Amino acid sequence: MSQAFLKVEGLKKIFPGVSGGDDVTVFDNIHFEVQRGEFICIIGHSGCGKSTILNVLAGLDSASGGNVFMDGREVSGASLDRGVVFQSHALMPWLTVEQNVAFAVKSRWPQWGKEAVQTHCVKYLELVGLKHALNKKPHQLSGGMKQRVGIARAFAIEPKMLLMDEPFGALDALTRGVIQDELVKICAATRQTVFMITHDVDEAILLADKILLMSNGPYAKIAEIVENPLERPRLRTEMHHNPHFYTLRNHMVDFLVSRSHKIAEGDLPENYDPQHPPMIRPMNLATA
């Protein structure tokens, strides 16, 4: 296999103690790789450092130890090579939908003229079903529409990697399903590399090629990496008929309910190596 597109080596994060208390090591010795075009989800309980890892990958935070390399270069700060979508849409309320996307596009390609920027913005807003809302302000949009604008803005800069921090967590189930389906279509069309945080097991099964399972903090670890055996295209209405679906789902739910706690208490799998977390594949899920 060729060199990984994203390589995380020995990542560690320590937060200073509060009011003179002991420092807290949220996670330590984090290793994983992402291949170009892969969709990776990471799941774990609150406090294990998922968002901190994403912020380090984005260059918005610095690690206390370890390194991140993307496309052969060390990540040392924010860059338009990485697009970020947060749970909050983070739109500028005084700008229209098109202007919010255009702001990012102009930052990425400052030499472009007005017409080129507009054409590019419309293309990506059309991909998320918002061509009809180009001239609306954020206060005129529903929560789901605002999040679509944020997704369109992130895709519009054509980043090498897209980072998503629970982007659908605040949406109702119906809206979340619609946007998930649109994300699946866009990623299939663009072969976008994605690293996404979620607490939703079904969402991870629908979207991800691989799912990183994190133990509880402090000293959280990548306990295992689960390969998704469900072939694409995946349809939420048909996934549960796949013979692998419930085996995969039950494995992850069992991890979150019981095994993540045990691992945090030191009950690690035999021969566990943080530099090479166990890879769980379809043929051994039933006994893993």
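A quick note: this is a predicted structure, and the numbers were derived from the prediction, not measured. One is the number of the first residue; the rest follow in order along the sequence.
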For Gly10, is there any backbone N or O sitting under 3.5 Å from a side-chain donor or acceptor partner on His31? yes
Might you work through the side chain to side chain contact (heavy atoms under 4.5 Å, CB included) test for Thr96 and Leu134, ending with a clear yes or no?
CA-CA 7 Å; Thr96 66; Leu134 297 178; over 6 Å; no
If we only count heavy atoms from C-beta on, is the Met196 to Cys41 side-chain gap below 4.5 Å? yes
Can you confirm whether Lys210 sits close enough to Val226 that some side-chain heavy atom of one is under 4.5 Å from a side-chain heavy atom of the other?
no
Evaluate the side-chain proximity of Ile263 to Asn216: yes if any heavy-atom separation is below 4.5 Å, no if none is. no
- Looking at Lys13 and Asp61, does any basic side-chain N land under 4.0 Å from a carboxylate oxygen? yes
N/O donor-acceptor pair under 3.5 Å between Arg232 side chain and Leu207 backbone: yes
message: Do Arg249 and Thr247 make a side-chain contact, defined as non-hydrogen atoms from C-beta onward lying under 4.5 Å apart?
response: no
Here the gap from Leu183 atom CG to Arg176 atom CZ, rounded to the nearest 0.5 Å, amounts to 13.5 Å
Rounding to 0.5 Å, atoms CG (Asn242) and CG (Leu248) come to a distance of 9.0 Å
*asked:* Ile151 vs Met164, test: side chain to side chain contact (heavy atoms under 4.5 Å, CB included). Steps then yes/no.
replied: CA-CA 9 Å; Ile151 292 170; Met164 309 182 82; 4.3 Å; yes
Practice item. For the pair Arg236 and Asp202, evaluate salt bridge (Lys or Arg N to Asp or Glu O under 4.0 Å) and give the outcome as yes or no after the intermediate values. Key: CA-CA 9 Å; Arg236 69 182 64 253; Asp202 292 329; over 6 Å; no
d(Met252 CE, Asp200 CG) to nearest 0.5 Å is 9.5 Å
Donor-acceptor pair, Asn55 side chain versus Leu60 backbone, under 3.5 Å? no
*asked:* Evaluate Asp165 against Lys50 for salt bridge (Lys or Arg N to Asp or Glu O under 4.0 Å), listing each step before the verdict.
replied: CA-CA 9 Å; Asp165 191 350; Lys50 302 182 302 297; over 6 Å; no
Let me check something: any side-chain donor-acceptor pairs from residues 103-110 under 3.5 Å, sequence neighbours excluded? List them with distances.
| unit_1 | atom_1 | unit_2 | atom_2 | d |
| --- | --- | --- | --- | --- |
| Ser107 | OG | Phe103 | O | 3.0 |
| Arg108 | NE | Ile157 | O | 3.2 |

Between Pro159 and Ala154, the two heavy atoms sitting closest are CD-O, 3.2 Å
Contacts of Lys221 meeting side chain to side chain donor-acceptor pair (under 3.5 Å) (sequence neighbours excluded), chain-then-number -> none
| request: Taking atom NE2 of His276 as the centre, report whether more than 12 heavy atoms of other residues, nucleotides or ligands fall under 6.0 Å from it. | output: no
Is there a path of hydrophobic side-chain contacts, each under 4.5 Å between heavy atoms of I/L/V/M/F/W/Y residues, joining Tyr272 to Leu213? yes
Query raised in the report: Between the side chain of His45 and the main-chain N/O of Leu256, is any donor-acceptor distance below 3.5 Å?
Result: yes
Q. Under 3.5 Å, is there a donor-acceptor pair between the side chain of Arg234 and the main chain of Val184?
A. no
d(Ile225 CD1, Ile280 CD1) to nearest 0.5 Å is 9.5 Å
- Message: Angle between ring planes, Tyr124 versus Phe155, binned at 30° and 60°: parallel, tilted or perpendicular?
- Response: parallel
With distance as the sole test, does Ser64 use its side chain to make a donor-acceptor pair with the main-chain N or O of Ile14 at under 3.5 Å? yes
ring-ring contact (aromatic ring centres under 6.0 Å, His included) filter on Phe32, not counting sequence neighbours, yields Phe195
(Q) Side-chain heavy atoms nearer than 4.5 Å, only ILVMFWY residues, links allowed to pass through others: does that put Phe245 and Val253 together? (A) yes
Open item on the list: Could you check whether any side-chain N or O of Thr193 sits under 3.5 Å from a backbone N or O of Gly37, counting only pairs where one atom can act as donor and the other as acceptor?
Closed with: yes
Please evaluate residues Ser79 and Lys160 with respect to the criterion side chain to side chain contact (heavy atoms under 4.5 Å, CB included), reporting the C-alpha separation (whole Å), side-chain torsions for both, the decisive distance (0.1 Å), and the verdict. CA-CA 10 Å; Ser79 167; Lys160 292 182 178 180; over 6 Å; no
| query | Is there a side-chain contact between Glu38 and Glu33, using heavy atoms and a 4.5 Å cut-off? | reply | no
- Query: Any side-chain heavy atom of Phe5 sitting closer than 4.5 Å to one from Gln35?
  - Reply: no
- Quick check: does any side chain N or O of Asn100 sit under 3.5 Å from a backbone N or O of Met92, one acting as donor and the other as acceptor? yes
When you measure from the side chain of Gln147 to the backbone of Phe86, do you find a donor-acceptor pair of N or O atoms at a distance under 3.5 Å?
yes
Notebook entry, point to check: Heavy-atom distance under 4.5 Å between the side chains of Pro16 and Asp23, does that happen here?
Noted result: yes
dist Arg36:CZ -> Gln192:CD (nearest 0.5 Å) comes out at 10.5 Å
Donor-acceptor contact present, side-chain His139 to main-chain Pro93, <3.5 Å
no
Can you hop from Leu127 to Leu141 via hydrophobic side chains spaced under 4.5 Å? yes
dist Asn135:CG -> Gln140:CD (nearest 0.5 Å) comes out at 9.5 Å
message = With a 6.0 Å cut-off (strictly less than), is the heavy-atom count around CD of Glu231, excluding the residue itself, greater than 12?
response = no
Between Phe15 and Leu54, is there shared hydrophobic-cluster membership here, with clusters defined by ILVMFWY side-chain heavy atoms closer than 4.5 Å?
yes
If hydrophobic clusters are built from ILVMFWY residues whose side chains come within less than 4.5 Å, do Leu206 and Leu235 share one?
no
Smallest heavy-atom separation, Leu91 atom then Gly150 atom, equals CD2-N, 4.2 Å
Worksheet item: Would you call Leu57 and Val75 a side-chain contact if the rule is heavy atoms closer than 4.5 Å?
Response: no
Run Ile211 and Val201 through side chain to side chain contact (heavy atoms under 4.5 Å, CB included) and show every step you take. CA-CA 9 Å; Ile211 301 143; Val201 168; over 6 Å; no
